Chemist: 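My questions will all concern the structure given below.
Throughout, residue positions are numbered sequentially from 1 according to the sequence presented. Because the structure is a prediction, the values reported are computed rather than measured.
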Amino acid sequence: MYAIVESGGRQYRAEEGHSFSVEKLPYEVGEQIELANVLLFADDVNIQVGQPSVSGVRVKATVVEQYRGKKIFVWKYKPKKRYRRRQGHRQSYTRLHIDEIVVV
């Protein structure tokens, strides 16, 4: 049994017992959250595709950690003009552990 959920404009496959990282969510570590925007739900027998979301299906997850990703560098450069700029960026992420998929 799995569900496709949407968080932060991206879609993730959620299975019970698995973990994945999403863009930072405003929750504390250890807090249980509920992802309500389920786009697809599939079990052993059938598949439900939402228009735009499946009603009656919720995904319960626990926040495992808040962390920051690897640093990337952005370079701006214009040849023959002595213009060079370097900027760094680190994205913040939240790791979620899927506890259960609830069908109402």
Chemist: Which heavy-atom pair separates F73 from G88 by the least distance, and what is that distance?
Modeler: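 So the two residues come closest at CD2-CA, 4.2 Å.
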
Chemist: Does K76 reach the side chain of Y83, with side-chain heavy atoms less than 4.5 Å apart?
Modeler: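 A side-chain contact exists here, since the closest heavy-atom pair is under 4.5 Å.
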
Chemist: Taking atom NZ of K24 and atom CZ of R95, what is their separation to the nearest 0.5 Å?
Modeler: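 Reported value, rounded in 0.5 Å steps: 15.5 Å.
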
Chemist: Any non-hydrogen side-chain atom of E16 less than 4.5 Å from a side-chain atom of D99?
Modeler: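 No; the side chains remain at least 4.5 Å from each other.
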
Chemist: Taking a hydrophobic cluster as the set of Ile, Leu, Val, Met, Phe, Trp and Tyr residues connected by side-chain heavy atoms closer than 4.5 Å, whether directly or through intermediates, do L40 and V22 fall within one such cluster?
Modeler: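 Different clusters: L40 never reaches V22 through Ile, Leu, Val, Met, Phe, Trp or Tyr contacts under 4.5 Å.
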
Chemist: Would a hydrophobic clustering, with Ile, Leu, Val, Met, Phe, Trp and Tyr connected at side-chain separations under 4.5 Å, put V103 with Y2?
Modeler: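 V103 and Y2: separate clusters.
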
Chemist: Nearest 0.5 Å, what's the CD-OG distance between Q48 and S53?
Modeler: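 One gets 11.5 Å once the value is rounded to the nearest 0.5 Å.
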
Chemist: Above 12 or not: heavy atoms from other molecules or residues under 6.0 Å from CD of E34?
Modeler: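 Counting other residues, nucleotides and ligands, CD of E34 exceeds 12 neighbours.
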
Chemist: What is the distance from atom CZ of R90 to atom CZ of R68, rounded to the nearest 0.5 Å?
Modeler: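 Here the rounded value is 5.0 Å.
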
Chemist: Say whether I33 and Y67 are linked into one hydrophobic cluster, either directly or through other cluster members, by side-chain heavy-atom distances under 4.5 angstrom.
Modeler: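 Looking at the clustering, Y67 is in a separate group from I33.
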
Chemist: May I ask whether V57 and I4 are part of the same hydrophobic cluster, defined by side-chain heavy atoms of I, L, V, M, F, W, Y residues being less than 4.5 angstrom apart, directly or through others?
Modeler: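 No; tracing contacts between hydrophobic side chains, which count when under 4.5 Å, never links both residues.
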
Chemist: Take atom OH of Y27 as the centre, draw a 6.0 Å sphere, and report whether it contains more than 12 heavy atoms from other residues, nucleotides or ligands.
Modeler: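 Result for OH/Y27: open.
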
Chemist: Kindly give the heavy-atom pair with the smallest separation between F41 and I101, and that separation in Å.
Modeler: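 Minimum heavy-atom contact is CE1-CG2, 3.7 Å.
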
Chemist: Examine V59 and V63 and state if one hydrophobic cluster contains both, with Ile, Leu, Val, Met, Phe, Trp and Tyr joined whenever side-chain heavy atoms are less than 4.5 Å apart.
Modeler: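 Cluster IDs for V59 and V63 match.
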
Chemist: Taking the side chain as every heavy atom from C-beta outward, state whether L35 and Y12 have any pair of such atoms under 4.5 Å apart.
Modeler: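 Not touching, per the 4.5 Å side-chain cut-off.
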
Chemist: Can you name the closest pair of heavy atoms from G8 and E23 and give their distance?
Modeler: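 That would be O-OE2, 4.3 Å.
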
Chemist: Taking all atoms of both residues into account, what is the closest heavy-atom pair of P52 and L39, and its distance?
Modeler: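 Taking P52 first and L39 second, the nearest heavy atoms are O-CD2, 3.3 Å.
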
Chemist: Quick check: do T94 and S21 have side-chain heavy atoms less than 4.5 Å from each other?
Modeler: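 Side chain of T94 against side chain of S21, heavy atoms only: no contact under 4.5 Å found.
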
Chemist: Checking R84 against Y77: charged group under 6.0 Å from the ring centre and within 45 degrees of the axis?
Modeler: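 No, R84 does not lie over the aromatic ring of Y77.
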
Chemist: Measuring from E65:CD to L96:CG, what's the distance to the nearest 0.5 Å?
Modeler: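 It comes to 10.5 Å.
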
Chemist: Can you see which heavy atom on E15 is nearest to which on I98, and at what distance?
Modeler: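 It is O-CB, 3.3 Å.
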
Chemist: Which atoms form the tightest heavy-atom contact between Q66 and V29, and what is the distance?
Modeler: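 The answer is N-CG2, 4.1 Å.
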
